[in-house]
Amino acid sequence: MNNRKIIKGYKTLISSSWNVDTSTDKFKDGIIYTLYSDEFNSLKVGFAENDKVLEKKLSSEELILLDMKKGNKKDLFLLVNTLKELGIKYSENLYFKYSGSLMRHLSILGWPVGRSLYKQRKIRKELVCA
């Protein structure tokens with residue numbers, strides 16, 4: 001017969017060295033977007049505060065707007081970190097080398113990619129009656 005003791009107690013919270021950014025800047029609503037460079041065959045993902053800022057970016061560089069939607073900087077931060085964990089490399093200004101797998105990842109993660117370069121596969125199942 002085993003004699004087991006039940007130890008009751010409370011765990012203490014250990015402080016960590018994480019720097020938590022409590023500013024509301026990450027949660028400020030704006031536009032998340034995907035741009036395509038035909039010259040370099042690359043994608044640029046980003047965040048703009050409003051339509052005017054996005055239009056200025058489009059006019060200053062030769063990029064094609066694939067798609068955009070409402071979002072915030074936190075969405076961009078989460079996307080970049082997720083892609084980094086998946087092993088997808090990018091340059092300093094969030095330019096990614098275009099690939100089918102990158103487009104698939106962006107689409108699955110809910111990032112606006114449009115339909116001009118990426119078409120989702122439709123999976124159809126048929127029921128077979130015997």
Side-chain angles (χ1 to χ4, degrees):
M1 199 157 135
N2 290 338
N3 289 333
R4 294 185 189 177
K5 290 183 181 182
I6 298 175
I7 301 172
K8 291 185 179 181
Y10 298 97
K11 297 194 180 213
T12 58
L13 182 64
I14 301 170
S15 65
S16 67
S17 61
W18 287 4
N19 292 330
V20 179
D21 185 8
T22 57
S23 68
T24 58
D25 194 36
K26 281 186 181 178
F27 302 105
K28 185 177 179 182
D29 284 335
I31 301 168
I32 54 176
Y33 59 84
T34 306
L35 305 175
Y36 176 71
S37 169
D38 196 26
E39 181 181 352
F40 299 109
N41 194 28
S42 63
L43 295 174
K44 178 179 171 87
V45 296
F47 171 83
E49 288 81 18
N50 55 42
D51 291 337
K52 291 178 183 177
V53 174
L54 182 57
E55 285 178 25
K56 189 176 179 181
K57 287 182 184 188
L58 286 171
S59 63
S60 66
E61 303 173 37
E62 291 186 20
L63 299 170
I64 301 164
L65 177 65
L66 294 181
D67 203 2
M68 64 182 185
K69 71 176 187 179
K70 286 184 180 182
N72 53 44
K73 282 188 179 180
K74 184 180 178 187
D75 296 331
L76 178 61
F77 176 76
L78 290 172
L79 175 80
V80 170
N81 283 334
T82 304
L83 291 175
K84 189 189 313 181
E85 287 185 14
L86 291 171
I88 298 174
K89 297 178 183 176
Y90 57 93
S91 68
E92 35 186 79
N93 292 331
L94 299 179
Y95 280 96
F96 295 86
K97 187 72 177 164
Y98 174 82
S99 71
S101 65
L102 171 63
M103 294 298 284
R104 187 172 56 251
H105 287 309
L106 290 174
S107 177
I108 289 170
L109 293 169
W111 197 260
V113 292
R115 294 184 174 201
S116 58
L117 293 179
Y118 179 70
K119 296 182 181 178
Q120 284 185 324
R121 292 186 320 174
K122 292 184 181 179
I123 300 172
R124 293 184 216 168
K125 293 186 178 181
E126 295 181 16
L127 295 174
V128 179
C129 298

Engineer: Please verify the inter-ring angle class for Tyr36 with Tyr98; under 30° counts as parallel, over 60° as perpendicular, anything in between as tilted.
Structural biologist: perpendicular

Engineer: Using atom types as modelled, flag every donor-acceptor pair under 3.5 Å from a side chain in residues 60-67 to any protein atom, sequence neighbours excluded.
Structural biologist:
residue	atom	partner	partner atom	Å
Ser60	OG	Lys56	O	3.3
Ser60	OG	Lys57	O	3.1
Glu61	OE1	Tyr95	OH	2.7
Asp67	OD2	Gly114	N	3.4

Engineer: Going from CG on Leu76 to OH on Tyr33, what distance comes out if it is rounded to the nearest 0.5 angstrom?
Structural biologist: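 Answer rounded to 0.5 Å: 8.0 Å.
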
Engineer: Kindly indicate whether the side chain of Asp29, heavy atoms from C-beta on, has any atom under 4.5 Å from the side chain of Lys70.
Structural biologist: no

Engineer: Any side-chain heavy atom of Leu83 sitting closer than 4.5 Å to one from Leu106?
Structural biologist: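 Of all side-chain heavy-atom pairs linking Leu106 with Leu83, at least one is under 4.5 Å.
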
Engineer: Quick check on the hydrophobic clustering: are Met103 and Leu109 connected, directly or via other members, by side-chain heavy-atom contacts under 4.5 Å?
Structural biologist: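 Yes, Met103 connects to Leu109 through the hydrophobic network.
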
Engineer: If you measure from CZ on Arg104 to OG on Ser99, what distance do you get to the nearest 0.5 Å?
Structural biologist: 8.0 Å

Engineer: From Phe96 CZ over to Leu43 CG, what is the distance, rounded to the nearest 0.5 angstrom?
Structural biologist: 8.5 Å

Engineer: Does any non-hydrogen side-chain atom of Ile31 lie less than 4.5 Å from one of Asn50?
Structural biologist: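 Not in contact.
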
Engineer: Rounded to the nearest 0.5 Å, what's the gap from CG on Leu58 to CE on Met68? Could you check?
Structural biologist: 9.0 Å

Engineer: Does any part of the side chain of Lys44, heavy atoms only, come nearer than 4.5 Å to the side chain of Thr34, both counted from C-beta?
Structural biologist: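 The answer is no; the side chains never approach within 4.5 Å.
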
Engineer: How long is the straight-line distance from OG1 of Thr82 back to NE2 of His105, given to the nearest 0.5 Å?
Structural biologist: 11.0 Å

Engineer: With rounding to the nearest 0.5 angstrom, report the CD1 to CG distance, Ile32 to Asn72.
Structural biologist: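 Here the interatomic distance stands at 7.5 Å.
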
